[in-house]
Amino acid sequence: MAHDAIRDALAVVLRDMGVQSPEIQLERPRDPTHGDVATNVALSLARQLKRPPREIAEEIAKRLDPVAAGVEAIDVAGPGFLNFRLNPGAVASVVDQILGANESYGSGDVGHGRRVMVEFVSANPTGPLHLGHGRQAALGDAIAALLTWTGWAVHREYYYNDSGRQMELLAESVRARYRQALGKDVEMPAEGYQGEYVKDVADSLQGSVNDRYLDDDTSEALDSVRTHAVAMLRAEQDRDLNDFRVYFDEYFLESSLYDQGLVDDTIRALGDTGLVYELDGATWLRTTEFGDQKDRVMVRSNGHPTYFLPDIAYHMSKWGRGFERVINVQGADHHGTVDRVRAGLQALGRPPGYPEYVLHQMVRVEKDGEEVKFSKRAGSGMTLRELYEQVGVDVTRYFFQMRKPDAHLLFDLDVALDHSDKNPVYKVQYAHARMCSIFGKAEIDLEAIAAGQADLTLLTHDLERELVKQLGEFPATIERAAEHTSPHMLCDYLEQTAGAANSWYHAGNPSRNPELAVLVSDPAVRTARLALARAVQIVLRNGLTLLGIEAPRRMIREVPDDHEPEQ
RNA sequence: GCGCCCGUAGCUCAGAUGGAUAGAGCGCAUGCCUCCGGAGCAUGAGGUCACAGGUUCGAAUCCUGUCGGGCGCACCA
């Protein structure tokens, strides 16, 4: 790589100047007139060397051997930047790398096969998945994919509770609807689940047990109702996720923590830390010892544990299963639990930052500038399925991924439903399809384009150089997005790449600039440009695939399926 | 009251480890292409980076405070 040669040459020069193990940062200047690669190393050394940065830069430029660094020209600019202009071949060689690597271009191995768990969605089976779960599903899936691409062994986990108070409330709600359907005059429980789906569950229950529980108030009967409801709603969530193209390696049940004695183990282990005390009949853990805002109750005065305890037990289970790195993707409304969970785990000797959290803010849907809120079926906000059946899975996933998690997300239905470049998803997909269509026009199978066939030094136009440099940043972009657990960085990159590809393609409009067209008459130039088109196609496809979005070879002008609006 | 997140162009948002005149898309203006009241292309205008201090050769970025918005502060889960 050209970057490595520059880095090595710089290191040699700096050592001669008396700098030991300098940190050399290379970047692509935003302004192309600043060359292909730039470094601010002279600026960052100014203090250490006690010399003006500009003077340091000039000395480096004078000492550096351009041949060894593989560069055509070195300039000192501004306050002391060093700008390198690469040999044309060095710039374009990335095209052959892309063609050679193909499906694996962009992948890396900074993870070295280490294990990491990504826990996401983790909705309790009390109803259909809503938009917050959807954002979480799209984000968690993309984060898991980014980690996989950077060499981590990823485990995707879904955690849920099938007992406890919310489940009791669900069972009581279903039972009330069931009895109402059988003509009995009963009221819904206070704070019960109001959505239409509860009636569906009640209908299904009636179909399966007829009127057996009409007057049966035993806890066994309620348990059966609950079991029926949980099974049905879990199945619905699985369908929702499956159709959203999100999959899990493991579903972890909260009740298993009790069944396997892990909650008791945790109580014992915490008791041994000396941080446990009794107050007002309850058992407390001194989590303030580890930066929590207040101490937390582990066991209530009625003898029942709070949610805190199974949470700790669950994360000890994660650690015990070999996951020393865990990323929990959750809604920001859960941020209050972060400190207490970490504090509890620190009490048991786990490291301070364990586990990591990606907390995402809320989703707001707008149409014609008005907020779209209500779903009768859910009895609250719009469901995930209602959204993606309206705008498509690709668009929904992309919109959830394209903003950084800790910012609020405005989901603009007008943009989502638009089938033009105004819609970023279509813009990227169009660019991919356009590259593919070139091969159709040339009557060449795009798979037949291989590395080493083209004279890439013929890619001399500014738009070509910029596009090639853009493609070369794909691996670093993935690495950075993975490191920051931020899929939106990849979305930004793909939009920029699509824009650069579009500019290049349109500049060669045969009716205006036939000499810039991909399919020019000169066979050598044509071969080089076809190689570039193929490289663009590979990068866009790999990026979209990573995000779980289709990379179509041609765009079919489709009207979204006219689904029955859920009324 | 305390804690977490956010505040960048008319709108929606990028700006990793502090670095060169703060970027993109939409919208707007002008020009071009086109069979088209559609789609596309090119160029341009548009910013006290919420505010005030501080650190630094250099701050949208780091620190402190203020203001505004969201969320959370149970012996609920």
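Lettering of chains follows the sequences in order, A, B, ..., and the numbering in each one begins at 1. These figures come from a predicted structure and were not determined experimentally.
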- [ ] Could you check whether A:A38 gets within reach of a base, just the sugar-phosphate, or nothing at all, counting any heavy atom under 4.0 Å?
- [x] base
TODO: Measure from the side-chain heavy atoms of A:M489 and tell me the nearest of B:C26, B:G15, B:A14.
DONE: B:G15
Task: Parallel, tilted or perpendicular: ring planes of A:F252 versus A:Y314, cut at 30 and 60 degrees - done: tilted
- [ ] With sequence neighbours left out, write down each residue that passes side-chain hydrogen bond (donor to acceptor under 3.5 Å, both in side chains) with A:Y354, or none if nothing qualifies.
- [x] none
- [ ] List in chain and number order the residues that pass ring pair (Phe, Tyr, Trp, His ring centres under 6.0 Å) with A:F84, two or more places apart in sequence or in another chain; answer none if no residue qualifies.
- [x] none
Open item on the list: Please compare A:K427 and A:R364 by the position of their nearest nucleotide in RNA chain B and report the one closer to 5'.
Closed with: A:R364
Strictly under 3.5 Å: I want the nitrogen or oxygen pairs between protein and nucleotides 67-70 of chain B, one per line.
{"from": "B:G70", "atom 1": "O2'", "to": "A:H408", "atom 2": "NE2", "distance (Å)": "3.0"}

TODO: Write down the distance separating the C1' atoms in B:C33 and B:A16, rounded off to the nearest Å.
DONE: 41 Å
Open item on the list: What does the 5'-to-3' dot-bracket notation of RNA chain B look like when only Watson-Crick and G-U wobble pairs under 3.5 Å count, and pairs to other strands show as |?
Closed with: (((((((..((((.....[...)))).(((((.......))))).....(((((..]....))))))))))))....
- [ ] State the CD-NZ distance between A:E157 and A:K318, to the nearest 0.5 angstrom.
- [x] 6.5 Å
Open item on the list: Regarding A:N328 and A:H315, do their side chains bring together a donor and an acceptor under 3.5 Å, going by distance alone?
Closed with: yes
Close N/O contacts between protein and nucleotides 73-77 of chain B (under 3.5 Å):
{"from": "B:C75", "atom 1": "O2", "to": "A:S301", "atom 2": "N", "distance (Å)": "2.6"}
{"from": "B:C75", "atom 1": "O2", "to": "A:S301", "atom 2": "OG", "distance (Å)": "2.6"}
{"from": "B:C75", "atom 1": "N3", "to": "A:S301", "atom 2": "OG", "distance (Å)": "3.2"}
{"from": "B:C75", "atom 1": "N4", "to": "A:D280", "atom 2": "O", "distance (Å)": "2.7"}
{"from": "B:C76", "atom 1": "OP2", "to": "A:R300", "atom 2": "NE", "distance (Å)": "2.4"}
{"from": "B:C76", "atom 1": "OP2", "to": "A:R300", "atom 2": "NH1", "distance (Å)": "2.3"}
{"from": "B:A77", "atom 1": "OP1", "to": "A:R300", "atom 2": "NH2", "distance (Å)": "3.0"}
{"from": "B:A77", "atom 1": "OP2", "to": "A:Y307", "atom 2": "N", "distance (Å)": "3.0"}
{"from": "B:A77", "atom 1": "O3'", "to": "A:N161", "atom 2": "ND2", "distance (Å)": "3.2"}

TODO: Under 4.0 Å from any atom of RNA chain B, heavy atoms only: list the residues of residues 474-487 of chain A that qualify, in numerical order.
DONE: A:R480, A:H484
Open item on the list: Output the rounded distance in Å from OH (A:Y398) to P (B:A14).
Closed with: 12 Å
- [ ] Quickly work out the A:F81 CZ to B:G58 P distance and round it to whole Å.
- [x] 15 Å
Open item on the list: Is the distance from the ring center of A:Y159 to that of A:Y251 below 6.0 Å?
Closed with: no
TODO: Only counting residues at least two apart or in another chain, list the ones meeting side-chain contact (heavy atoms from CB on, under 4.5 Å) with A:D295.
DONE: A:Y277, A:W284, A:R286, A:T287, A:T288
TODO: Answer with base, sugar-phosphate or nothing: what part of the nucleic acid does A:D414 contact at a heavy-atom distance below 4.0 Å?
DONE: nothing
Check: protein-nucleotides 41-45 of chain B nitrogen or oxygen pairs below 3.5 Å:
none

Task: Any residue meeting side-chain hydrogen bond (donor to acceptor under 3.5 Å, both in side chains) with A:Q537, in chain and number order, not counting sequence neighbours - done: A:H432, A:R534
Task: Whole angstrom value for the distance that separates P of B:G40 from CG of A:N423 - done: 12 Å
Open item on the list: Using the side-chain contact (heavy atoms from CB on, under 4.5 Å) criterion, which residues pair with A:A433? Sequence neighbours excluded.
Closed with: A:M555
- [ ] Measure from OH on A:Y493 to P on B:G15 and round the result to the nearest Å.
- [x] 16 Å
Open item on the list: With no hydrogens and no angle check, just 3.5 Å: does a side-chain donor-acceptor pair link A:Q361 and A:D406?
Closed with: no
Open item on the list: Looking only at side-chain N and O atoms, does A:E119 offer a donor or acceptor that is under 3.5 Å from a partner on A:Y357?
Closed with: no
Below 3.5 Å, can you tabulate the donor-acceptor pairs from side chains in residues 476-490 of chain A to any protein atom, sequence neighbours excluded?
{"from": "A:T477", "atom 1": "OG1", "to": "A:E473", "atom 2": "O", "distance (Å)": "2.7"}
{"from": "A:S486", "atom 1": "OG", "to": "A:H484", "atom 2": "O", "distance (Å)": "2.6"}

Sequence neighbours excluded and cut-off under 3.5 Å, please list the side-chain donor-acceptor pairs for residues 300-313 of chain A, or say none.
{"from": "A:N302", "atom 1": "OD1", "to": "A:H304", "atom 2": "N", "distance (Å)": "2.9"}
{"from": "A:T306", "atom 1": "OG1", "to": "A:V297", "atom 2": "O", "distance (Å)": "2.8"}
{"from": "A:T306", "atom 1": "OG1", "to": "A:F308", "atom 2": "N", "distance (Å)": "3.4"}

Open item on the list: Within the 3.5 Å criterion, strictly below it, is a donor on A:T126 or A:Q166 matched to an acceptor on the partner's side chain?
Closed with: no
TODO: Report the distance from atom OH of A:Y430 to atom P of B:A39, rounded to the nearest whole Å.
DONE: 11 Å
Task: Length of the line joining A:N83:CG and B:U21:P, which is rounded to integer Å - done: 13 Å
TODO: With the side chain counted from C-beta on, respond yes when A:T150 and A:S107 share a heavy-atom pair under 4.5 Å apart, and no when they do not.
DONE: no
